[in-house]
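Bear in mind the structure is a predicted one, so any value in this text is a computation, not a measurement. Note on naming: letters A, B, ... go to the chains in the order of the sequence lines (proteins, then strands), and numbering restarts at 1 for each one. For the numbers below, each heavy atom of this structure counts, side chains included, while hydrogens, waters and symmetry mates do not.
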Amino acid sequence: MFPTLNEQMDLIKRGVFEIIPEDALVAKIEKSIKTQTPLKIKLGCDPSRPDLHLGHSVVLRKLRHFQDLGHEAILIVGDFTGMIGDPSGKSKTRPSLTLEDTRKNGQSYFEQATKILSTKNIKMLYNSEWLASMTFADVIALASKYTVARMLERDDFEKRYRDGEPISVHEFLYPLAQAMDSVAIKADVELGGTDQKFNLLVGRDIQREFGLDPQVAVMLPILTGTDGVEKMSKSLDNYIGVAESPKEIYGKTLSIPDKLIYDYFLLTTDIETDDLNKIKERVITNPREAKRFLARTLVSLYWSDDDARKSEEEFDRIFVQKEIPDTIDEFVLESTEKEMNIIQILTDTKLATSKSDARRLVEQGGVSIDGNRITDVNQMIPLASNIIMKVGKRRFLKIVTEK
RNA sequence: GGGUAGGUAGCGAAGCGGUCAAACGCAACAGACUGUAAAUCUGUCGGCUCCGGCCUUCGGAGGUUCAAAUCCUUCCCUGCCCA
């Protein structure tokens, strides 16, 4: 039923940054094969940011690998901990959410995650199930198992403390709450990015306190965002969302720096190991083609081969040949006038956020109608027939006039 | 509880009675260039404008002054030191 130990370890270790402790994982897998019992693989989901991007996909793909090996995926939606706010990698206190928000986001998370995960051996749980019923006494007892000094070992806490930035007491409770999740489901393995190292290890300590066999921490690299500098995140707007349209995924992929091409292949695709080595060479010999291949691979993964081909054609048409896309959003403009001021059109269509903004766009030569650049802010535009507006490099809008 | 330093545009950070819609950096936006939505360079970057200006902003609320981001009072928030 289960693949052999070596087969399992090969797949598990692909793209993984660190496994702590590796020998414990080997032991767990051996026992699993012997008893024909799947391991429980835990992954915590942050319900405050329900839009999944390729950064999340790195760890989700790893979870999928475990599923493919016959193990059980357990998604823990932090609906309860979401109200605390996760301090991981953040220099500031995060805003807290309401329980309703986190529920809704959790559902959305599941829908997106199953683009990557199998729906066969998966379980999703909300951690309010066990955390909400804890009493204050329970919490104090839990908190007593950890010291402030050990909490401050964590990089970001230590940094914030050193820099004189505020750390709320409740943030110390977050790793403990996350550890309680591991206790509640008796996790064998917990997945996370390298930034989760501390939390994953606290899980081991607390499980041990509760007399359980500690989980193995499997950590994946943090995916660098499209800017090539910061980690991929929605708030930095350097992300590629898994639910984004084919052309968005294609275009954003092409905008990544060449040095990230290999990492993206390794961490966000299921390309064969042999091909992966070929990619390494191609990145150097023909970066343009390697990146276009990556972009097509990603679109195929989340949409289809057909969408991948179309996205590429469309991209070439707009950015290489500077033509207009084959489908353009329409905006119905209701007006009885025969013509309208360009500034008015820009603001009415929301292509500009204000009249000042619209004026700026025109003055800087960013606006064109039916291929002709508009340079005069007082230009009157005839509304006789449909017009195609272009603002900047990639915003197109077809204006349909309705009398 | 005592002392002390702060809260400025999306973020960081100058300004400390008029010349402040507020330096500078980042982000963002536009243009040029490019295999690219990258990099680089240039410009813009509160709102309205009859392009003369006008209006709303510098934690909140009051006040002093011809004039306040800048001074005073008070409230809220945060760091640090002492207890």
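- Annotation: B/U70 and B/A22 have their C1' atoms spaced 12 Å apart (nearest Å).
- For the pair A/K280 and A/Y262, the cation-pi criterion (under 6.0 Å, within 45° of the ring axis) is fulfilled.
- Looking at heavy atoms from C-beta onward, A/V218 lies in side-chain contact with A/V16 at the 4.5 angstrom threshold.
- Under 3.5 Å, the side chains of A/N238 and A/E230 contain no donor-acceptor pair of N or O atoms.
- Distance noted for atom P between B/A38 and B/U56: 39 Å (whole Å).
- Side-chain contact annotation: A/Q196 with A/E190, donor-acceptor N/O pair under 3.5 Å absent.
- Taking a pair to require two hydrogen-bonding distances under 3.5 Å in either a Watson-Crick or a G-U wobble arrangement, B/A22 remains unpaired.
- Taking atom CG of A/L361 as the reference point, atom P of B/C45 lies 12 Å away to the nearest angstrom.
- Spacing between B/C45 and B/C24 at atom P, rounded to whole Å, works out to 11 Å.
- Judged by the 6.0 Å and 45° rule, A/R296 forms no cation-pi pair with A/F293.
- Here the separation of B/C58 from B/A23, taken at their C1' atoms, is 14 Å to the nearest Å.
- Between the NZ atom of A/K390 and the P atom of B/A37 there is a distance of 10 Å, rounded to whole Å.
- In the set B/U49, B/U36, B/A30, the nucleotide with an atom closest to the side chain of A/K291 is B/U36.
- Residue-to-nucleotide contacts include a donor-acceptor pair under 3.5 Å from the side chain of A/K322 to the base of B/U34.
- Pair assignment for B/U4: B/G79, on the basis of Watson-Crick or G-U wobble contacts that are both within less than 3.5 Å.
- Taking atom CD of A/E363 as the reference point, atom C1' of B/G31 lies 13 Å away to the nearest angstrom.
- For A/R373, the side-chain atoms get nearest to B/A32 when compared with the rest of B/C80, B/A32, B/U36.
- The side chain of A/K393 approaches B/G31 more closely than any other nucleotide in the set B/C48, B/G35, B/G31.
- Between the P atoms of B/C72 and B/U78, the separation comes to 23 Å (whole Å).
- For A/R394, taking side-chain heavy atoms from C-beta onward, the closest of the listed nucleotides B/G35, B/C51, B/A37 is B/A37.
- Across A/L75, A/V77, A/N105, a single residue satisfies side-chain contact (heavy atoms from CB on, under 4.5 Å) together with A/F110, and that is A/L75.
- Nucleotide B/G79 holds its P atom 17 Å from the CZ atom of A/R162, rounded to whole Å.
- Taking syn as a glycosidic angle within 90° of 0, B/G43 does not qualify and is anti.
- Residue A/D237 is classed as having no contact, given no heavy-atom separation below 4.0 Å to the nucleic acid.
- Between A/E158 and A/R162 there is a salt bridge, with a side-chain nitrogen of the basic residue lying less than 4.0 Å from a carboxylate oxygen of the acidic one.
- Side-chain proximity of A/P166 to B/A37, B/G47, B/G79: nearest is B/G79.
- Between B/A5 and B/G15, the two P atoms lie 16 Å apart (nearest whole Å).
- Remark: B/A9 base-pairs with no nucleotide in the shown strands. Criterion, Watson-Crick or G-U wobble with two distances under 3.5 Å.
- Geometrically, A/R154 engages A/F157 in a cation-pi contact, judged by NZ or CZ lying under 6.0 Å from the ring centre and within 45° of the ring axis.
- One donor-acceptor pair, N or O on each side, does fall under 3.5 Å between the base of B/G43 and the side chain of A/Q364.
- Considering only side-chain atoms of A/K355, the nucleotide from B/G35, B/U49, B/A30 that sits closest is B/U49.
- Nucleotides B/A69 and B/G46 place their C1' atoms 15 Å apart, quoted to the nearest Å.
- Contact annotation: A/R360 reaches the phosphate of B/G47 (side-chain N/O to OP1 or OP2, under 4.0 Å).
- Atom CZ of A/R296 and atom P of B/U36 are 16 Å apart (whole Å).
- Across all strands shown, A/K259 has no heavy atoms under 4.0 Å from either base or sugar-phosphate atoms.
- In this structure, the CD atom of A/Q344 is 9 Å from the P atom of B/U49, given to the nearest Å.
- Residue A/E248 is in base contact, counting any heavy-atom pair closer than 4.0 Å across all strands shown.
- Between A/D357 atom CG and B/C29 atom C1' the separation is 8 Å, expressed in whole Å.
- Of all nucleotides present, only B/G31 satisfies the Watson-Crick or G-U wobble test against B/C41, with each distance under 3.5 Å.
- A gap of 13 Å separates the C1' atoms of B/G47 and B/A9, to the nearest Å.
- Between A/I343 and A/S255, the one whose closest nucleotide on RNA chain B sits nearer the 5' end is A/S255.
- Pairing of B/A61, defined by two Watson-Crick or G-U wobble distances under 3.5 Å, is identified with B/U73.
- Looking at which nucleotide of RNA chain B each of A/L236 and A/P257 is closest to, the 5′-most match is held by A/L236.
- OP1 and OP2 of B/G79 both lie 4.0 Å or more from every side-chain N or O belonging to A/R160.
- Note on A/S354: only backbone sugar-phosphate atoms sit closer than 4.0 angstrom, heavy atoms only; bases stay farther off.
- B/G12 atom C1' lies 13 Å from atom CG of A/D163, rounded to whole Å.
- Residue A/G392 is in sugar-phosphate contact alone, with no base atom involved, counting any heavy-atom pair closer than 4.0 Å across all strands shown.
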